[in-house]
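Small disclaimer: the values here were computed from a predicted structure and weren't measured.
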Amino acid sequence: MDQATYDKGREIRTAVLGEAYVAQAGSGDDFAKPFQDFVTEYCWGAVWGRDGLSRKTRSMLNLAMIAALNRPNELRTHVKGALTNGVTREEIREVFMQVAIYAGVPAAVDSFRIAREAFAEYENER
């Protein structure tokens with residue numbers, strides 16, 4: 001593991017998803033911990049840590065891809081992260097409208113439902 005990349009990833013992951021989420025994800029058992037370390041180093045450090053795109057743009061891309069892949073748990077997490085990164089509810093709606101056209105209406109229907117729930121959770125966590 002490259003410690004500097006991991007540390008950068010932990011910093012970004014915490015800023016986007018919150019300390020409680022990162023602490024819970026990182027407290028996994030011996031089975032899951034190596035995977036969480038991998039996610040922190042590579043997803044959050046090596047990719048999210050690049051200068052080429054803003055966090056807001058990365059969040060919008062993630063929403064579209066995760067919605068298209070029909071991953072509701074990750075989508076809920078990343079909707080809240082997108083709000084943290086300055087993506088507006090209106091922009092999230094537009095992302096899911098785009099998803100409807102290119103990945104299918106059922107994916108967008110689920111994404112809108114999950115987003116409404118995530119909006120409420122986000123407000124309650126503040």
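With values rounded to the nearest 0.5 angstrom, Lys80 atom NZ is found 4.0 Å from Glu121 atom CD. In this structure, the separation between CZ on Arg116 and CD1 on Ile92 is 13.0 Å, given to the nearest 0.5 Å.
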Exercise for the section: Tell me, with the steps shown, if Leu63 and Val99 meet side-chain contact (heavy atoms from CB on, under 4.5 Å). Expected result: CA-CA 9 Å; Leu63 292 178; Val99 166; over 6 Å; no
Exercise for the section: May I have the step-by-step check of side-chain contact (heavy atoms from CB on, under 4.5 Å) for Leu83 and Arg89, ending in yes or no? Expected result: CA-CA 8 Å; Leu83 293 168; Arg89 291 176 185 215; 4.3 Å; yes
Problem - Test side-chain contact (heavy atoms from CB on, under 4.5 Å) applied to Val79 and Glu117, step by step - result: CA-CA 10 Å; Val79 165; Glu117 294 168 3; over 6 Å; no
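Residue Phe119 is grouped with residue Met60 when hydrophobic side chains (ILVMFWY) are merged at heavy-atom distances under 4.5 angstrom, including chains of intermediate members. Cluster membership check: Phe35 shares its hydrophobic cluster with Tyr42, using side-chain heavy-atom separations under 4.5 Å among Ile, Leu, Val, Met, Phe, Trp and Tyr. Hydrophobic cluster membership is shared by Ile114 and Tyr122, with clusters built from Ile, Leu, Val, Met, Phe, Trp and Tyr side chains linked at under 4.5 angstrom.
Summarising the geometry of Ala67 relative to Ala107, their closest heavy-atom pair is O-CB, 3.7 Å, with the distance given to 0.1 Å. Heavy atoms only, all atoms of each residue included: Cys43 and Val47 are closest at O-CB, 3.5 Å. Across every non-hydrogen atom of Arg55 and Ala15, the tightest pair is NH1-CB, 3.6 Å. The nearest pair of heavy atoms linking Leu53 to Thr57 is CD2-CG2, 3.9 Å. Nearest heavy atoms, Val95 versus Ala64: CG1-N, 3.7 Å. Of all non-hydrogen atoms in Asp2 and Glu41, the two that sit nearest each other are N-OE2, 3.0 Å.
Side-chain contact check for Asp7 versus Glu11: every heavy-atom pair is 4.5 Å or farther apart. The shortest distance between side-chain heavy atoms of Val39 and Arg13 falls below 4.5 Å. Using a 4.5 Å heavy-atom cutoff, the side chains of Glu94 and Glu90 are not in contact. Residues Arg113 and Asp110 form a side-chain contact, since some pair of their non-hydrogen atoms from C-beta on lies under 4.5 Å apart. Using a 4.5 Å heavy-atom threshold, the side chains of Lys8 and Trp48 count as separate. With a 4.5 Å cut-off on side-chain heavy atoms, Phe112 and Met97 count as touching. Taking 4.5 Å as the limit, some side-chain heavy atom of Leu75 sits within range of a side-chain heavy atom of Ser111.
Classified by interplanar angle (parallel below 30°, tilted 30° to 60°, perpendicular above 60°), the ring pair His78/Trp44 is parallel.
The closest donor-acceptor contact from the side chain of Asp29 to the backbone of Phe31 lies under 3.5 Å.
Residues Glu19 and Arg10 are paired through a salt bridge, judged by an N-O separation under 4.0 Å between the basic side chain and the carboxylate.
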